[in-house]
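What follows is a set of notes on a single structure, which appears directly below.
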Amino acid sequence: MKIISQQVLSWYYENKRDLPWRTTNDPYNIWLSEIMLQQTQVDTVIPYYNKWIEKFPTLRQVANSNLDDVLKMWEGLGYYSRGRNFHKSALIIENQHNGIIPLTYDEFKSLPGVGAYTANMVLSIVSKEPRIAMDGNIRRIGFRLLGLKRQTPYNIKRLELWFNKGISKNRPGDFNQALMDLGSSICKAKMVRCDQCPISKICVAFASGSPLDYPCITKKKKTPHYTVATGLIWQEDSFYIQKRAENGHLGGLWEFPGGKIEKNESEIDTVKRKIREECQFEINPEKKIGTIKHVYSHFSISMSLYHCLPIEDIPVKNNGQMRWIKPAEISKYAFPKANHKLFHLLKNQNWNRNV
DNA sequence: TAAGCGTGGGG
DNA sequence: TCCCCAAGCTT
């Protein structure tokens, strides 16, 4: 196992990518990068990480900002609870830890959004603690090295113990990152380059001749499809948006009012009903502007947008849950991708307000 | 334990 | 086009 560690590390140093967060061992930077990298590929994260550090050079600046600014920086990255939890953690550290990130495993892992993987990874890098960070890559590599197939909690625990015995004691952080780079470039889930792998000699899956059979694939459930209808309501040169509940799907982001159509309901009736329920005013959908499609983690939607005329006078009040904004102000608010697709439709129509 | 959570890219 | 995948965490 010691030999594996050496071979993996030399492969890493030869093929190491220069990533922005690899220029420092500051726990703030490392922690942020690990949160952004959850379920997200490196090339996607890089621009978000750079923009974030430019806006929030220190954790204190995250704590002193409001959630809207944080979500704006997270806009488009997905899994928005990561951003909300990171902001929440920043406040906890500022208020309860004098602004110092607590670097004991139990304290750090107790922060919102920090799980076993993130805690192990951060501590292995910033404190050189010999902790394997069992992410999807390292897990997959372990299954193949040891020739395990069934993804049971028992097998995963076995792997963790095995890796923790063999992890480099001098460079645990590099060892973790090395295995992850190996997993994301050589030992991928559906494609392997065993001829380039520094440890194929001791790999049971490689020896078997069909490495992709390890671990065995678990079948995924089909995701449902929903039809959603939303309304565009003008008042002078501004239109209406509202904020989603902070703890739900796309929590804290802004959107057009509307929602799912129910059985035997027309899109127009849906827009009327949802706006009556959510906004407490009456509108009349006049004309369909267009429809976009979007796929989320666990369902997909077709979303239509309707020009709506107010039936009654709508009070123009702006608060934390509702705003009247001009098209040019879109960039000040965080919107989900589906809304940006609708904005794109509207741009192509020059934001024509005539119904 | 298993479902829920975004988005972009690859085959 | 469709399906799967990607440095997980929370409930």
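Proteins come first, then strands; the chains are lettered A, B, ... in the order of their sequence lines, and each starts at number 1.
No engagement by A:Arg17 is indicated, since no non-hydrogen atom pair under 4.0 Å with the nucleic acid exists. At the heavy-atom level, A:Leu250 lies under 4.0 Å from the strands shown only through sugar-phosphate atoms. Within 4.0 Å (heavy atoms only), A:Arg140 reaches sugar-phosphate atoms of the nucleic acid but no base atom. Residue contacts shown for A:Trp74 are absent, as no nucleic acid heavy atom lies under 4.0 Å away. Within 4.0 Å of A:Gly183, counting heavy atoms only, lies no atom of the nucleic acid at all. A:Asp43 comes within contact range of no nucleotide atom at all, as no heavy-atom separation falls under 4.0 Å.
In this structure, A:Phe175 has its ring center no closer than 6.0 Å to that of A:Tyr12.
Comparing the P positions of C:dC4 and B:dA3 gives a spacing of 15 Å, expressed to the nearest Å. C:dA7 and B:dG4: their P atoms are spaced 23 Å apart (whole Å). Rounded to a whole angstrom, the distance from the P atom of B:dG6 to that of C:dT1 is 24 Å. C:dC2 and B:dC5 have their P atoms separated by 22 Å, with the value rounded to a whole Å.
Looking at A:Asn85, its side chain does come within 3.5 Å of a backbone N or O of A:Ser81 through a donor-acceptor pair.
None of A:Phe56, A:Trp52, A:Tyr48 except one satisfies the ring-ring contact (aromatic ring centres under 6.0 Å, His included) rule with A:Trp74; the exception is A:Trp52. Only one option out of A:Lys72, A:Glu255, A:Arg323 pairs with A:Tyr333 in a side-chain hydrogen bond (donor to acceptor under 3.5 Å, both in side chains); it is A:Arg323.
Taking atom NZ of residue A:Lys293 and atom C1' of nucleotide B:dG8, one finds them 18 Å apart after rounding to whole Å. In this structure, the CE atom of A:Met191 is 12 Å from the C1' atom of C:dC5, given to the nearest Å. Summarising the geometry, the separation between CZ on A:Phe86 and P on C:dA7 is reported as 21 Å, rounded to the nearest angstrom. As a whole-Å value, the separation of A:Ile46 CD1 from B:dG8 C1' is 14 Å. Distance CZ (A:Arg82) to C1' (C:dG8): 9 Å, rounded to an integer number of Å. Distance, A:Leu179 CG to C:dA7 C1': 12 Å, rounded to whole Å. Separating the CD atom of A:Gln38 from the C1' atom of B:dT7 is a distance of 15 Å, rounded to the nearest angstrom. Going from atom OH of A:Tyr79 over to atom P of B:dC5 covers 9 Å, rounded to whole Å.
Looking at which nucleotide of DNA chain C each of A:Gln41 and A:Asn85 is closest to, the 5′-most match is held by A:Gln41. Mapping A:Lys188 and A:Arg84 onto DNA chain B by nearest heavy atom places A:Arg84 closer to the 5' end of the strand. Across the interface with DNA chain C, nearest-nucleotide mapping of A:Lys221 and A:Leu19 shows A:Lys221 to be the residue nearer the 5′ end.
At a cut-off of 3.5 angstrom, counting only N and O atoms as typed in the model, there is a donor on one side and an acceptor on the other between the side-chain of A:Thr40 and the base of B:dG6.
OP1 or OP2 of C:dC5 sits under 4.0 Å from a side-chain N or O of A:Lys220. Taking 4.0 angstrom as the limit, A:Gln39 places a side-chain polar atom (N or O) nearer than this to OP1 or OP2 of C:dG8. The phosphate of B:dG4 has neither OP1 nor OP2 within less than 4.0 Å of any side-chain N or O from A:His249. Remark: A:Tyr80 is in phosphate contact with B:dT7, judged by side-chain N or O atoms under 4.0 Å from OP1 or OP2.
Here B:dT7 is the nucleotide among B:dC5, B:dT7, C:dA7 with the atom lying nearest to any side-chain atom of A:His294. The side chain of A:Lys337 approaches B:dT7 more closely than any other nucleotide in the set B:dG4, B:dT7, C:dC9. Of all nucleotides listed (C:dC4, C:dG8, C:dA7), C:dC4 comes nearest to the side chain of A:Lys190. For A:Ile217, counting side-chain heavy atoms from C-beta on, the closest listed nucleotide (C:dC5, B:dT7, B:dC5) is C:dC5. When each of B:dC5, B:dT1, C:dC3 is scored by its nearest atom to the side-chain atoms of A:Pro153, the top-ranked nucleotide is B:dT1. For A:Tyr296, counting side-chain heavy atoms from C-beta on, the closest listed nucleotide (B:dT7, C:dA7, C:dC5) is B:dT7.
Aromatic ring orientation, A:His294 versus A:Tyr296: perpendicular (interplanar angle above 60°, classes split at 30° and 60°). Between A:Phe239 and A:Phe256, the ring-plane angle classifies as tilted under the 30° and 60° cut-offs.
Taking a 4.0 Å limit (strictly below) on heavy-atom distances, residues 114-124 of chain A does not reach DNA chain B anywhere.
Between the side chains of A:Glu278 and A:Gln242, at least one donor N or O sits under 3.5 Å from an acceptor N or O. No side-chain donor from either of A:Glu34 and A:Thr118 sits under 3.5 Å from a side-chain acceptor of the other. A:Gln38 and A:Tyr117 form no side-chain donor-acceptor contact under 3.5 Å, judged by distance and modelled atom types alone.
Note: A:His307 NE2 to A:Leu232 CG = 5.5 Å, rounded to the nearest 0.5 Å.
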